[in-house]
Amino acid sequence: MDSLIFRPAIKADLPILLEFEQGIISYERPFNPTIRAKDATYYDIGAFIDSPDAEVVVGTVNGKIIASGYALIKPAAPQFKYKTYVHLGFMFVHPEYRGKGINRLLINELTNWSKKQGVLEIRLQVYTENAAAVRAYEKVGFNKLMVEMRLDLNK
């Protein structure tokens, strides 16, 4: 593989990043029947790019964006030992480049940014049925912590 370069995202990257967001939503829709069939969005990527409390990172190969992710500093609930934590999201690797360890490198970029911000607690969310993603996050050191459950009262 040609050399992979990570860099902070810029507003000019938004068109491809919005495509990546739709790719994530399409992939996750089978795991969550409550995601709208049309016009679903997860993130305000432009706001994250502008925020001092967030870092949106893209991975490029030969100038082409092939991966993305963000780290967002959030306030912690009062019961926790830490005052803030970093939430990771928008983790996407173009299908052509999957299985090459890019997600691990992307997480390393985001954890390094988190450390530079002085934030040492990192969290993310993944669908329990998304076994491939769960394995990928466990490989880089994440542990399962809590299960979110839902009850559909429309049935």
Side-chain angles (χ1 to χ4, degrees), residues 1-28 31-32 35 40-148:
M1 179 171 68
D2 295 313
S3 65
L4 173 67
I5 298 170
F6 289 103
R7 65 168 172 79
I10 58 174
K11 289 284 185 89
D13 299 330
L14 278 173
I16 189 72
L17 296 179
L18 294 173
E19 287 180 30
F20 284 6
E21 178 184 33
Q22 290 307 305
I24 293 167
I25 292 167
S26 293
Y27 182 79
E28 292 182 346
F31 301 121
N32 186 343
I35 297 173
T41 62
Y42 283 173
Y43 319 106
D44 187 345
I45 300 164
F48 290 166
I49 289 171
D50 290 338
S51 174
D53 291 331
E55 179 78 344
V56 181
V57 171
V58 295
T60 65
V61 172
N62 296 329
K64 176 185 173 187
I65 298 173
I66 58 99
S68 66
Y70 75 72
L72 175 64
I73 299 172
K74 296 179 125 185
Q79 71 269 25
F80 295 122
K81 296 177 183 178
Y82 48 90
K83 293 188 186 317
T84 59
Y85 69 99
V86 164
H87 174 81
L88 296 187
F90 192 43
M91 308 301 291
F92 182 85
V93 176
H94 190 280
E96 179 182 338
Y97 293 90
R98 292 182 185 157
K100 300 176 187 285
I102 294 170
N103 193 55
R104 173 187 297 273
L105 297 171
L106 179 59
I107 290 172
N108 287 343
E109 288 288 318
L110 296 170
T111 56
N112 287 337
W113 178 85
S114 301
K115 289 177 187 175
K116 288 178 187 173
Q117 308 310 305
V119 182
L120 302 177
E121 177 76 17
I122 298 179
R123 305 266 176 132
L124 57 77
Q125 294 176 321
V126 61
Y127 288 105
T128 55
E129 293 180 8
N130 189 348
V134 170
R135 276 192 310 276
Y137 294 128
E138 287 176 335
K139 280 183 185 178
V140 296
F142 283 89
N143 298 303
K144 294 176 190 164
L145 182 63
M146 182 176 268
V147 174
E148 179 176 339

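This structure is a prediction, so every number in the text was calculated from the model and none was measured.
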Q | Sequence neighbours excluded - salt bridge (Lys or Arg N to Asp or Glu O under 4.0 Å) pairs with any residue from residues 135-146 | A | E138-K144
Q | Closest non-hydrogen atom pair between V134 and T128, with its separation | A | CG2-O, 4.3 Å
Q. Between I122 and F142, is a side chain to side chain contact (heavy atoms under 4.5 Å, CB included) present by the stated rule, with each step listed?
A. CA-CA 9 Å; I122 298 179; F142 283 89; 3.8 Å; yes
Q. Can you pull the salt bridge (Lys or Arg N to Asp or Glu O under 4.0 Å) pairs that have at least one residue in residues 71-85, sequence neighbours excluded?
A. none
Q | Identified side chain to side chain contact (heavy atoms under 4.5 Å, CB included) partner of V86 from the options I73, L120, L72, L110 | A | I73
Q) Got a sec, which residues hit ring-ring contact (aromatic ring centres under 6.0 Å, His included) with Y43, two or more places apart in sequence or on another chain? A) Y70, F90
Q) How long is the gap from CG on D53 to CD on Q117, to the nearest 0.5 Å? A) 8.5 Å
Q | Chi angles and distances behind the side chain to side chain contact (heavy atoms under 4.5 Å, CB included) call for F92, I65 | A | CA-CA 11 Å; F92 182 85; I65 298 173; over 6 Å; no
Q. About how many Å separate OH of Y97 and CD1 of I102, when rounded to the nearest 0.5 Å?
A. 7.5 Å
Q: For L14 and G46, work out which heavy atoms get closest and say how close.
A: CD2-N, 3.8 Å
Q: For E148 and Y127, run side chain to side chain contact (heavy atoms under 4.5 Å, CB included): C-alpha distance rounded to whole Å, both residues' side-chain angles, the deciding distance at 0.1 Å, then the answer.
A: CA-CA 9 Å; E148 179 176 339; Y127 288 105; over 6 Å; no
Q: Report the C-alpha separation of R123 and L145 in whole Å, then their side-chain angles, then the decisive distance to 0.1 Å, and conclude whether the side chain to side chain contact (heavy atoms under 4.5 Å, CB included) test is met.
A: CA-CA 10 Å; R123 305 266 176 132; L145 182 63; 3.0 Å; yes
Q | Check: V140 main-chain N/O paired with R104 side-chain donor or acceptor under 3.5 Å | A | no
Q: Specify the closest pair of heavy atoms between I25 and T41, including all atoms of both residues, with the distance to one decimal.
A: CD1-CA, 3.7 Å
Q | Spatial distance of atom CG (L106) from atom CD1 (I66) [nearest 0.5 Å] | A | 9.0 Å
Q: Calculate, to the nearest 0.5 Å, the distance between atoms CG and CD belonging to N130 and E28 respectively.
A: 6.5 Å
(Q) Looking at K64, I'd like to know if its NZ atom is crowded, meaning that more than 12 non-hydrogen atoms belonging to other residues, nucleotides or ligands lie closer than 6.0 Å. (A) yes
Q. Nearest 0.5 Å, what's the CD1-OG distance between I16 and S68?
A. 9.0 Å
Q. Which residue pairs pass the side chain to side chain donor-acceptor pair (under 3.5 Å) test with at least one member in residues 14-26, sequence neighbours excluded?
A. none
(Q) Between T111 and I107 (side chain of the first, backbone of the second, donor and acceptor by atom type, cut-off under 3.5 Å), is there such a pair? (A) yes
Q. Can you name the ring-ring contact (aromatic ring centres under 6.0 Å, His included) partners of F80, sequence neighbours left out?
A. Y82
Please list every donor-acceptor pair under 3.5 Å in which a side-chain atom of residues 4-12 meets a protein atom from a residue at least two apart or in another chain.
from, atom 1, to, atom 2, distance (Å)
R7, NH1, D13, OD2, 2.8
R7, NH2, D13, OD1, 3.0
R7, NH2, D13, OD2, 3.3
K11, NZ, D50, OD2, 2.9

